[in-house]
There are 2 protein chains.
Amino acid sequence: MANGNGPKAATIEMVAAEAGVSKTTVSFVLNNNPTISSATRERVLQAIAKLGYHPNVHARNLSSQKSRTVCVLVPEIGRIFEDPYFARAIGGVYDEIEAAEYNLILKKTSFQFAREKEYLNLFRRAEIGGMLYIGSTLDDDYLKDFVSTHHPFVLVNSYLPEIPIPCVIADNVKMGYSATKHLIDLGHQRIGHVRGSTNTVTAMDRCEGYKKALAEAGIVFDASLVADGHYSRNESASAARKLLELPVRPTAIYACNDIMAMGVQDALKTSGLRRISDCAVVGSDNIEMSRFTHPPLTTVNMPIYEISRAAVRLLFDLMEGKLPNGSAKQVMDTYLVVRESCGAKHQPRRRADGWTRSSDASVGGRTKK
Amino acid sequence: MANGNGPKAATIEMVAAEAGVSKTTVSFVLNNNPTISSATRERVLQAIAKLGYHPNVHARNLSSQKSRTVCVLVPEIGRIFEDPYFARAIGGVYDEIEAAEYNLILKKTSFQFAREKEYLNLFRRAEIGGMLYIGSTLDDDYLKDFVSTHHPFVLVNSYLPEIPIPCVIADNVKMGYSATKHLIDLGHQRIGHVRGSTNTVTAMDRCEGYKKALAEAGIVFDASLVADGHYSRNESASAARKLLELPVRPTAIYACNDIMAMGVQDALKTSGLRRISDCAVVGSDNIEMSRFTHPPLTTVNMPIYEISRAAVRLLFDLMEGKLPNGSAKQVMDTYLVVRESCGAKHQPRRRADGWTRSSDASVGGRTKK
DNA sequence: ATATTCTACTTAATCGGTTTAGTAAATCAG
DNA sequence: CTGATTTACTAAACCGATTAAGTAGAATAT
C-alpha cells in the first residue's frame, strides 16, 4: 500500500508525553470532563496545539462504541441530486453536521431501502450514530420497524401517517392552500391541479391544501381538473395539455412543484396560450430557477435548507438522549412569492433570504420554531 | 446516550467460535489470504452468513492503519449540487465506491481547500485512504504540495498545467473544437464565444478548441467576440447581449456549457432574435435540461458520469500501489449532439445513452479507454 | 488526632479488527 | 529414514482511543 509519506499524525500518547500527564487525562480534556484542574487542562491544550493533534476517529468510535458519523439516505444520486430540492436539503444537512464536527456518509436507497433490514447493522456496528432520510415515500411503511429499535432516526420533510417517527416538515397543506387561495383571490374559479406522485406526503398534502382553498371559497371540487405529473417536467406538460383540452378548460393551474410548473408553462407555449391572462400558473418550492422562467413563476417558498438543518439538530438531540418521549414533529412555515405567472401585481416583499430578490414579492407568515 | 436496543452485531470472535477456528483465520478469509484451505474457508463463510456478520469498519481501519473510506471534495454543496454536472459526477463516484464496498464521506472546500493544509491530517490519521477533488480550479496551485506526499489523490475533470497530479478528464479542447466546427460547417463565419470562468481548465481548454476550429477554417480570431459568462446563466445572458450589440454582430454563439447556453437563449429572446437563423447557439455538456430548452439545444456530450467512475478506479489503483510512476492522466472522448438550436438537419444518432433520446442526433467519437 | 470525603489524577482493561511470529502436521528431497 | 520445506493454521501484540476502577494527597468532619 503506497500510503504516502509525511510525518505520522500525533497520537494521544504523544500528547500525554508532551504534557507530562497520562493518556486518560488527555482524553478527559478532549471530552470536557470537569475533574481536570485548569492548570493541567491548559498544559494539555498547549501540547495539543503544539503537535497539531486531532483524535483518530476510528479509535474513538471503536472504543466508545458510539459514532460521530451520521448517515444520510437519499433515494438516488445523480439524477435526483440535480433536483434543487435535494441539493438544498443535502447542503443544509452538511452545514449542520460539519458545524458539529461530525462526519457525513451518503447512502442511496435505490428505492428499496431497508428491504433487507441490512441498514440496522450500521447502527449495531456503531458505524453511525444516527440516520436521516430525505425523500422517503408513503411506501416506506417498513420504517415502522425503526420505531421499536430506538435508533436515532429522523425523516426530512416527510412523515408516515399513524407511525410516530421523528421528523421536520414544511406545512405542505398550507402551501397548496396559499397557492390556490392566491388564484382564487385573482378571480379564478376553474383551477386545475397538476399533482405530484401519490406516494409522497408532499403531493398529497399539497393537494389537500388545494381542495381546502376551493372548499373555503365555495368552489365544488372537480376531480377531472386534477392530473398527475409525477414530479416530472415532461409528464407535467402532458398532464397540463390534458387539462387544457377539457370541454371547459381551467383558467389557472396549480402545480405541485416548480419543476412541474415549468412543464405546465411548456405546455402552455405549445398550446399557443402565450398571454398570462390565458392561463395563470403557480408552482411550489421556490427553487432558484423559478425566477428565470418565462414568465417568472409565482410560487410558494419552502425552507428546505432550514428544514434540513433543523432535522440534524433534532437528530443530535435524539443521539444525546435529550428527547424523552418517542416521536417529535417540527413543522416549518412557508410563504407565497408573487412574480408574474399569474398576472398579479407585485406586492412589497416582507422578508429577504437567499432566494427572494428585489423583484420578488412575498406574502405570508414567517418560519415558526 | 440512547443508542437503542436490538441484538449487538456479530463480531469476528463470534464468527470464529461458530466456525471453530481462530480470529486470525476468519480475518484471513475476509481478506482473501490464500493460505486458507477451501474446506475451512467454506466453513467460515457459512458462519459469516449464518450470523449476518459484517466487519466493523472502525476496528478494521484502526488496526490496519488504512482506510476503506474515500473523501470527495467539492467546492460547495447546495447551490453547486444543483448543477447537473456535479450531481452526475457525484453519482458516478458514489456508484463506483459503493460497488467496491468502500464508504464515501463528503467535504466541501468553500473555495479555500487546503489553505491550512489541515486536510493532510485526514490521511495521517488514516481516516481516509484516498481523496477525489471535483471542481478544482487553476487557483488551487497549492495542490502541488500533494505531489510530494504521495497520498492517493485524483482530480475529476480538471488538471493543473505543469503539475503532475493524477486525473481523469474530458477532451475539453475537442469539445470547443467540434462545437465551433459544427457552426462553421453550417456556414457561419462570425462566431461569438461566451466563455466560462478563466480560472478553470474546462473554460480555457474549450476556448482553445474554439480558436483552433476558427484557425483551421482560416477565420481570424477576434477577441471582441469573446465575453465571459462565469458559469452563470444570468451573466451569460448579459455577455450575449454585449456580443449582439457589436457593430457587426455574430450570427452564432458557442457557450462554454449548457447552463450558459440557456442564458444566451434568454438574451436572444429579449433581443427579439426569435428565429434560429438570427443566431445559432451551441452549448456543452449535454445536461438533461438541454433537451427541453426552446429550441432544444445542440451541444457536445461530456461523459461526466463515466469520468467520475474512472477517477474512482484510478484512485483505487493508487491506493493499492498498482500505479508505479507518478502521475496518470486519462482522457475521455466526447461527441456532438445535434438538436435544433443551430438549424442543422437532424442526423441519425450513432449511440444511445441515458441522455440521448430518439429525437437527438449525435456525431463524433466513442469513449475511449 | 483520626476517620471520611474530595480532588485530581493514573493504571489497566477494553473495543474489534489486522498482522507478525511461531508451530504442528504433512510433504518432499536425498 | 531423516532433515528440510511447505501447508494451514493459531497466539499474542498492536492500532489509538475511552472508561471503570483505583489511588495518593489535601480538605473536612468529628
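What you are looking at is a predicted structure, and each value in this text was computed from that prediction instead of being measured. Here is the naming used below: chain letters follow the sequence lines, and residue numbers restart at 1 for every chain. Note that these values count all heavy atoms, side chains included, but never hydrogens, waters or copies made by symmetry.
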OP1 or OP2 of dG16(C) under 4.0 Å from side-chain N/O of Q65(A): yes
Terminal contacting nucleotides, 5' and 3', DNA chain D versus chain B (heavy atom, 4.0 Å): dA8(D) to dG16(D)
Separation of dG16(C) P from L30(B) CG (nearest whole Å): 15 Å
Touch class at under 4.0 angstrom, heavy-atom based, for N61(A) against every strand present: nothing
Donor-acceptor contact present, side-chain S27(A) to main-chain K23(A), <3.5 Å: no
Heavy-atom closest pair, residues A19(A) and R43(A): O-NH1, 2.6 Å
Sugar-phosphate only, base, or nothing, as touched by T11(B) at under 4.0 Å among non-hydrogen atoms: sugar-phosphate
Summary of protein contacts for nucleotides 5-11 of chain C, nucleotide by nucleotide, where a base hit scores B, a sugar-phosphate-only hit scores S (4.0 Å, heavy atoms): ---BSBB
Five-pair end axes of the helix from dA1(C)-dT30(D) to dG30(C)-dC1(D), angle between them (10°): 40°
Nearest-Å distance for atom pair CG/P, residues N56(A) and dG17(C): 16 Å
Expected output: side-chain N31(B) to main-chain N33(B) donor-acceptor under 3.5 Å: no
cation_pi(K108(B), Y94(A)) dist<6.0 Å, angle<=45: no
Parallel, tilted or perpendicular: rings of F316(B) and Y102(B) (30°, 60°): tilted
L62(B) CG to dT19(C) C1', straight-line distance once rounded to whole Å: 13 Å
